Amino acid sequence: MENNIQLLHTTWEQTKKTSTQQTSLDSINFDQITSEIFSLGSFYYYVIDFFDMSLSHVSKSVYDIHGLNPDSITFNDIISTIHPDDISFVAQAEESIAQFFYNNIGKEKLTKYKTSYNFRSKMKNGEYGMLNHQALILTQDEKGGFAKSLNIHTDISHLTKINNYQFSLIGLQEEPTYTNIDVKVDSKNLDM
């Protein structure tokens with residue numbers, strides 16, 4: 001391991017492009033940097049209200065990705081961009097995620113997880129690209145049902161064109177994370 005570490009240090013030293021003096025770091029906005037730089041690709045977001053399927057807080061970048069007007073977009077407009085062969089997968093993924101939550105985690109922890117899966121979607125240029133769907137439940141109703149959710153769709157076409165047909169549940173606030181769960185697996189029988 002020590003040789004591998006030294007190999008990287010030697011590479012950086014030989015390029016003569018690393019700093020030769022100490023520098024200072026001015027005040028920077030880390031929130032802006034993380035949202036702009038650490039995204040895997042171009043993205044858009046919106047909040048969906050599952051009570052009436054209305055959208056709010058729609059980012060302007062939905063136009064750049066899908067060519068859809070952010071001021072008049074509906075949830076059905078977004079759904080209509082999903083590749084016809086991926087619609088059943090998205091439905092199965094949503095059902096599997098809900099079953100996993102209610103059977104294995106508990107509805108009281110619903111807002112402490114980010115869900116994620118991929119699907120093909122029609123882009124502004126008319127071609128299909130691979131999007132990563134991430135969702136964070138923001139509010140629940142009195143029965144523990146999904147109420148409002150922040151959804152983020154990121155273009156990952158430059159990373160893959162092949163869907164793995166899996167979902168992940170990323171634990172927040174020190175909750176455990178469950179990754180790469182096959183959608184067709186019966187989530188009641190998963191070993192935890």
Side-chain angles (χ1 to χ4, degrees), residues 35-36 39-103 105 107-172 178 181-184 187:
S35 68
E36 292 177 359
S39 174
L40 296 174
S42 55
F43 67 94
Y44 65 92
Y45 57 86
Y46 57 91
V47 172
I48 180 166
D49 187 333
F50 286 105
F51 175 72
D52 60 4
M53 305 310 272
S54 64
L55 300 183
S56 65
H57 302 85
V58 179
S59 66
K60 302 291 182 197
S61 53
V62 72
Y63 178 80
D64 299 330
I65 294 176
H66 292 303
L68 299 171
N69 183 339
D71 298 322
S72 62
I73 191 172
T74 67
F75 190 54
N76 284 345
D77 293 334
I78 293 173
I79 292 172
S80 71
T81 69
I82 299 172
H83 192 289
D85 293 340
D86 284 1
I87 288 283
S88 62
F89 163 72
V90 171
Q92 290 172 339
E94 292 290 326
E95 182 179 344
S96 294
I97 289 167
Q99 285 180 2
F100 189 94
F101 262 114
Y102 290 103
N103 295 334
I105 298 173
K107 63 185 177 183
E108 69 280 354
K109 293 188 177 184
L110 198 58
T111 59
K112 295 183 179 186
Y113 280 86
K114 175 180 75 169
T115 62
S116 177
Y117 58 84
N118 303 329
F119 60 87
R120 290 174 292 172
S121 186
K122 193 171 199 172
M123 308 305 258
K124 184 177 179 180
N125 66 6
E127 297 178 11
Y128 284 93
M130 188 68 69
L131 292 185
N132 174 250
H133 166 80
Q134 299 177 85
L136 176 64
I137 299 297
L138 302 173
T139 63
Q140 295 175 262
D141 68 13
E142 66 277 355
K143 295 180 182 176
F146 301 2
K148 289 183 172 58
S149 174
L150 170 63
N151 290 1
I152 303 168
H153 293 169
T154 305
D155 182 2
I156 59 167
S157 300
H158 60 290
L159 298 175
T160 187
K161 302 218 183 294
I162 300 170
N163 198 342
N164 64 7
Y165 299 106
Q166 297 175 329
F167 69 90
S168 294
L169 301 168
I170 311 303
L172 309 173
Y178 307 92
I181 301 169
D182 290 328
V183 166
K184 295 181 181 181
S187 60

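Quick caveat: nothing in here was measured; it's all calculated off a predicted structure. These values consider heavy atoms only, across backbone and side chains, with no hydrogens, waters or symmetry-generated copies.
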Side-chain donor/acceptor of Thr160 to backbone N/O of Ile162, under 3.5 Å: yes
Side chains of Lys60 and Asp71: closer than 4.5 Å at any heavy-atom pair? yes
Correct closest heavy-atom pair for Asp155 and Met130 would be OD1-O, 3.4 Å
Do any N or O atoms from the side chain of Ser61 and from the backbone of Phe43 form a donor-acceptor pair under 3.5 angstrom? yes
Pairwise side-chain contact, Ser116 with Asn132, heavy-atom cut-off 4.5 Å (strictly under): yes
Under 6.0 Å between the ring centres of Tyr113 and Phe101? yes
Report, as yes or no, whether the 6.0 Å neighbourhood of atom CZ on Phe51 holds more than 12 heavy atoms from other residues, nucleotides or ligands. no
Among Val90, Thr81, Ile82, Asp85, the one residue meeting side chain to side chain contact (heavy atoms under 4.5 Å, CB included) with Arg120: Asp85
Write down the atom of His66, the atom of Ser121, and the distance for their closest heavy-atom approach. CE1-OG, 2.9 Å
Could you tell me the separation between the CE atom of Met123 and the OH atom of Tyr128, rounded to the nearest 0.5 Å? 11.5 Å
Run the side-chain contact (heavy atoms from CB on, under 4.5 Å) check on Tyr46 and Ile152 step by step: do they pass? CA-CA 7 Å; Tyr46 57 91; Ile152 303 168; over 6 Å; no
Side chain proximity check, Lys148 to Ile48, heavy atoms < 4.5 angstrom: no
Hey, is the main chain of Gly145 close enough, under 3.5 Å, to the side chain of Asp141 for a donor-acceptor pair? yes
Can you name the closest pair of heavy atoms from Asn125 and Glu127 and give their distance? OD1-N, 2.8 Å
Scan side-chain atoms only and decide if Asp64 and Ser42 contain a donor-acceptor pair under the 3.5 Å cut-off. no
Step through the shown structure and confirm whether more than 12 heavy atoms of other residues, nucleotides or ligands are within 6.0 Å of NE2 on His158. yes
Check this for me: Lys124, atom NZ, are more than 12 non-hydrogen atoms of other residues, nucleotides or ligands nearer than 6.0 Å? yes
Drop me the distance from Leu136's CG to Thr115's OG1, to the nearest 0.5 angstrom. 8.5 Å
Output yes when a side-chain donor or acceptor of Ser149 lies under 3.5 Å from a complementary backbone atom of Ala135, and no otherwise. no
Using distance alone, with no hydrogens and no angle criterion, decide if Tyr44 and His153 have a side-chain donor and acceptor under 3.5 Å apart. yes
Do Leu138 and Val47 have side chains that approach each other closer than 4.5 Å (heavy atoms only, starting at C-beta)? yes
Between Leu110 and Tyr102, is a side-chain contact (heavy atoms from CB on, under 4.5 Å) present by the stated rule, with each step listed? CA-CA 9 Å; Leu110 198 58; Tyr102 290 103; 4.0 Å; yes
Might you work through the ring-ring contact (aromatic ring centres under 6.0 Å, His included) test for Phe89 and Phe119, ending with a clear yes or no? CA-CA 8 Å; Phe89 163 72; Phe119 60 87; 8.1 Å; no
Working note: Leu68 + Tyr63, criterion side-chain contact (heavy atoms from CB on, under 4.5 Å); need CA distance, chi angles, decisive distance, verdict. CA-CA 5 Å; Leu68 299 171; Tyr63 178 80; over 6 Å; no
Is there a side-chain contact (heavy atoms from CB on, under 4.5 Å) between Ser56 and Val58? Walk through the geometry before answering. CA-CA 5 Å; Ser56 65; Val58 179; over 6 Å; no
Counting C-beta onward and ignoring hydrogens, is there a side-chain heavy-atom pair between Ile73 and Val62 closer than 4.5 Å? yes
Donor-acceptor side-chain pairing of Asn118 and Asn163 below 3.5 angstrom: no
Short question: side chain of Lys107, backbone of Lys143 - any donor-acceptor pair under 3.5 Å? yes
For the residue pair His133 and Tyr117, does the interplanar ring angle fall in the parallel (under 30°), tilted (30 to 60°) or perpendicular (over 60°) class? tilted
pair Asp49-Leu55: side-chain heavy atoms closer than 4.5 Å: no
d(Asn76 CG, Met53 CE) to nearest 0.5 Å is 7.5 Å
Indicate yes or no for a side-chain donor-acceptor contact from Thr139 to the backbone of Ala147 under 3.5 Å, with no hydrogens or angles considered. no
Phe167 vs Val183 side-chain heavy atoms within contact, under 4.5 Å: yes
Between Thr74 (side chain) and Asp77 (backbone), is there a donor-acceptor pair under 3.5 Å? yes
So, do Leu169 and Ile97 sit near enough that their side-chain heavy atoms are less than 4.5 Å apart? yes
